Amino acid sequence: MKKALITGVTGQDGSYLAEFLLEKGYEVHGVIRRSSSYNQERLEDIMSAEEAEAIQNNENFHLHYGDVTDALNVTRLIGEIKPDEIYNLAAQSHVRVSFDMPGYTLDVDAKGTLNILEAVRILGLTEKTRVYQASTSELFGKVQEVPQSETTPFYPRSPYGVAKIYGFWITKNYRESYNMFAVNGILFNHESERRGETFVTRKITLAAARIAQQKQDKLYLGNLDSLRDWGYAKDYVECMWLILQHDKPEDFVIATGEMHSVREFVELAFKHVDIEIEWQGEGVEEKGINKATGEVIVEVDPKFFRPAEVEQLLGNPEKSKTLLNWNPTKTSFEDLVKVMVESDTEKVGKELFNRKMFD
Ligand code: NAP
Ligand code: F7E
């Protein structure tokens with residue numbers, strides 16, 4: 001039985017990856033941070049036997065307290081578990097928040113990656129343990145070519161992107177210096193019913209559900225023109241695993257090859273709750289009107305603008321299609337939006353997720 005260690009197991013990707021690996025028959029170890037409030041919602045399908053009959057092997061799922069900034073803790077855990085595969089998904093992953101907390105983002109996203117690689121090296125596990133690093137399309141930032149591939153030069157636009165650049169290069173450096181199977185998945189945006197509520201897609205699908213059920217009046221957003229290559233997180237975690245099963249340690253771009261604007265995402269999400277949006281005005285004055293009632297339901301709030309913006313991201317999934325035999329459009333953009341709105345409609349109906357968010 002193979003052993004996997006996942007950092008960031010309580011996050012969107014970590015929870016899907018844990019389910020995926022358990023189904024593959026792995027013994028899965030997850031790193032969880034101590035928190036003063038409950039932080040295991042996304043793991044409930046694995047933990048509760050009734051909800052997850054498909055995953056019977058819960059005795060193969062183990063949680064450990066830890067933090068990737070704590071090198072001693074990381075080294076002890078890796079030394080005790082001796083995993084065959086490590087998936088480093090732990091990150092301060094919010095781009096706008098990284099402008100508020102650049103130092104912390106650096107500690108977690110850059111130094112945290114080094115702590116894991118160095119632990120594998122000093123524990124003498126370089127031949128046994130394969131390491132996956134969660135790299136990101138934010139490395140491309142102010143894009144130098146369209147679409148972006150494995151050979152496109154980087155130009156990060158946020159403290160998050162800059163910290164992740166270090167994670168990318170230190171992973172490559174350990175591969176080249178110590179002959180480790182240490183690789184980067186350069187993943188473009190991927191979303192799901194489990195996406196954090198302050199990322200734009202989930203903020204929109206939650207608002208569409210609440211507005212349709214008269215539990216919220218308006219949705220305030222930042223840059224409506226921003227363009228992203230949005231995929232489905234459940235499809236993307238399979239790729240993380242495929243990258244580590246590949247015969248050669250190589251970096252891969254994972255993307256759908258399709259790009260849509262935030263404005264388009266809003267239109268489609270509201271269409272699923274039978275609200276047609278009509279846009280009026282421009283720039284910060286632009287408003288989304290409910291065509292049937294004339295009410296303004298979407299407004300621009302400059303507080304959601306970023307000091308430096310990534311205007312567009314479009315990935316070229318050719319290499320992962322060819323070498324990993326991965327299907328980048330298994331879930332279409334339309335189906336992604338639908339699945340997220342349906343899930344939030346149900347949750348809002350059950351009075352879940354009606355809390356006010358700080359951001
Ligand atoms: P997420 O939902 O924000 O999850 C981040 C995870 O990291 C959470 O489990 C969080 O724990 C954990 N974490 C944060 N700081 C930590 C620390 N110091 N030590 C240990 N764990 C820590 O992110 P995601 O969307 O699943 O993304 C997974 C990874 O892929 C991240 O590295 C992200 O930067 C990267 N990525 C994401 C996307 C995307 O579109 N989703 C695209 C490219 C790359 P808590 O639950 O305790 O906060
Ligand atoms: O923003 C614009 C915003 O926060 C997408 C992370 O997973 O993907 C994610 O980073 C776009 C940006 O994701 C709002 O300005 C407009 O242009 O959903 P987001 P992100 O910044 O692309 C990458 C690949 C990662 O690696 C990251 O970890 O939408 N936008 N209005 C808004 N964004 C937010 N959050 N909130 C708004 O109100």
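This one's a predicted model, so the numbers in the text were calculated from it and none came from an experiment. Whatever order the structure lists them in is the order used to number ligands and atoms, beginning at 1.
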**Student:** Under 4.0 Å from ligand 2, counting heavy atoms only, is it the side chain of R157, its backbone, both or neither?
**Tutor:** neither

**Student:** Can you list the atoms of ligand 1 that are under 4.0 Å from a heavy atom of G11?
**Tutor:** 2 (O), 4 (O), 8 (C), 9 (O), 26 (O)

**Student:** What do we get for R306 next to ligand 2 when only non-hydrogen atoms under 4.0 Å count, side chain, backbone, both or neither?
**Tutor:** side chain

**Student:** Which is it for K164 and ligand 1 at heavy atoms under 4.0 Å: side chain, backbone, both or neither?
**Tutor:** side chain

**Student:** How far is atom 11 (C) of ligand 2 from its nearest protein heavy atom, and which residue and atom name does that atom have?
**Tutor:** S226 OG, 3.7 Å

**Student:** For atom 8 (O) of ligand 2, what's the nearest protein heavy-atom neighbour? Residue, atom name and distance, please.
**Tutor:** N189 ND2, 3.0 Å

**Student:** Determine whether the side chain, the backbone, both or neither of S35 has a heavy atom under 4.0 Å from any heavy atom of ligand 1.
**Tutor:** neither

**Student:** Which pairs count as side chain to side chain donor-acceptor pair (under 3.5 Å) when at least one residue sits in residues 290-306, sequence neighbours excluded?
**Tutor:** K218-E299, N290-T293, T293-E295

**Student:** Give the residue and atom name of whichever protein heavy atom lies nearest to atom 10 (O) of ligand 2, and the separation in Å to one decimal.
**Tutor:** V95 CG2, 3.5 Å

**Student:** Does the distance from a Lys or Arg side-chain N to an Asp or Glu carboxylate O, for R202 and D344, drop under 4.0 Å?
**Tutor:** yes

**Student:** Which one holds for Y160 and ligand 2: side chain close, backbone close, both close, or neither close, with close meaning a heavy atom under 4.0 Å?
**Tutor:** side chain

**Student:** Between K164 and ligand 2, which part of the residue brings a heavy atom under 4.0 Å of the ligand: side chain, backbone, both or neither?
**Tutor:** neither

**Student:** Could you identify the single nearest non-hydrogen protein atom to atom 37 (C) of ligand 2 and state the distance to 0.1 Å?
**Tutor:** K203 NZ, 3.8 Å

**Student:** Decide whether the shortest distance between a heavy atom of T7 and an atom of ligand 1 is less than 4.0 Å.
**Tutor:** no

**Student:** Taking only distance into account, with no hydrogens and no angle test, what donor-acceptor pairs under 3.5 Å do side-chain atoms of residues 134-144 form with protein atoms, sequence neighbours excluded?
**Tutor:**
| from | atom 1 | to | atom 2 | distance (Å) |
| --- | --- | --- | --- | --- |
| S135 | OG | N184 | OD1 | 2.7 |
| T136 | OG1 | E138 | N | 2.8 |
| Q144 | NE2 | K142 | O | 2.7 |

**Student:** Classify the ring geometry of Y87 against Y132: parallel below 30°, tilted from 30° to 60°, perpendicular beyond 60°.
**Tutor:** tilted

**Student:** If you measure from each heavy atom of R194 to ligand 1, is any distance below 4.0 Å?
**Tutor:** no

**Student:** Identify, for atom 27 (C) of ligand 2, the protein heavy atom at the shortest distance, and state residue, atom and that distance.
**Tutor:** S93 O, 3.3 Å

**Student:** Step by step, would you call T201 with E191 a side-chain hydrogen bond (donor to acceptor under 3.5 Å, both in side chains)?
**Tutor:** CA-CA 7 Å; T201 56; E191 319 294 313; 2.5 Å; yes

**Student:** Between W230, Y236, Y160, F188, flag the one that comes closest to atom 36 (N) of ligand 1 by a heavy atom.
**Tutor:** Y160

**Student:** Under 4.0 Å from a heavy atom of R195: which atoms of ligand 1 are those, numbered in the order shown and with their elements?
**Tutor:** 25 (O), 39 (C), 40 (O), 41 (N)

**Student:** Mark the output for V31 as yes if a heavy-atom distance to ligand 1 is under 4.0 Å, and as no if none is.
**Tutor:** no

**Student:** Check whether any N or O atom of T201, backbone or side chain, sits under 3.5 Å from an N or O atom of ligand 2, and answer yes or no.
**Tutor:** no

**Student:** State the atoms of ligand 1, each with its element, that fall below the 4.0 Å cut-off from a heavy-atom position in A134.
**Tutor:** 29 (C), 30 (O), 32 (O), 35 (C)

**Student:** With heavy-atom distances below 4.0 Å as the criterion, list the atoms of ligand 1 near Q12.
**Tutor:** 2 (O), 25 (O), 26 (O), 41 (N)

**Student:** For a quick check under 3.5 Å, do Q312 and Q148 share a side-chain donor-acceptor pair by atom type?
**Tutor:** no

**Student:** For ligand 1, is any non-hydrogen atom under 4.0 Å from H190's backbone (N, CA, C, O), its side chain (CB onward), both, or neither?
**Tutor:** both

**Student:** Quick one: look up the protein heavy atom nearest atom 5 (C) of ligand 2 and list residue, atom name and how far away it is.
**Tutor:** V200 CG1, 3.8 Å

**Student:** Could you check whether any heavy atom of A233 sits closer than 4.0 Å to an atom of ligand 1, since that is the contact criterion I want to use?
**Tutor:** no

**Student:** Could you list the atoms of ligand 1 found under 4.0 angstrom from a heavy atom of N189?
**Tutor:** 40 (O)

**Student:** Could you tell me the residue and atom name of the protein heavy atom closest to atom 31 (N) of ligand 2, and the distance to it rounded to 0.1 Å?
**Tutor:** G222 N, 2.8 Å

**Student:** Nearest 0.5 Å please: distance from the CZ atom of F265 over to the CZ atom of F270.
**Tutor:** 11.0 Å

**Student:** Which part of E138 is near ligand 1, with near meaning a heavy atom under 4.0 Å away: side chain, backbone, both or neither?
**Tutor:** neither

**Student:** At under 4.0 Å between heavy atoms, is it the side chain or the backbone of D67 that contacts ligand 1, or both, or neither?
**Tutor:** both

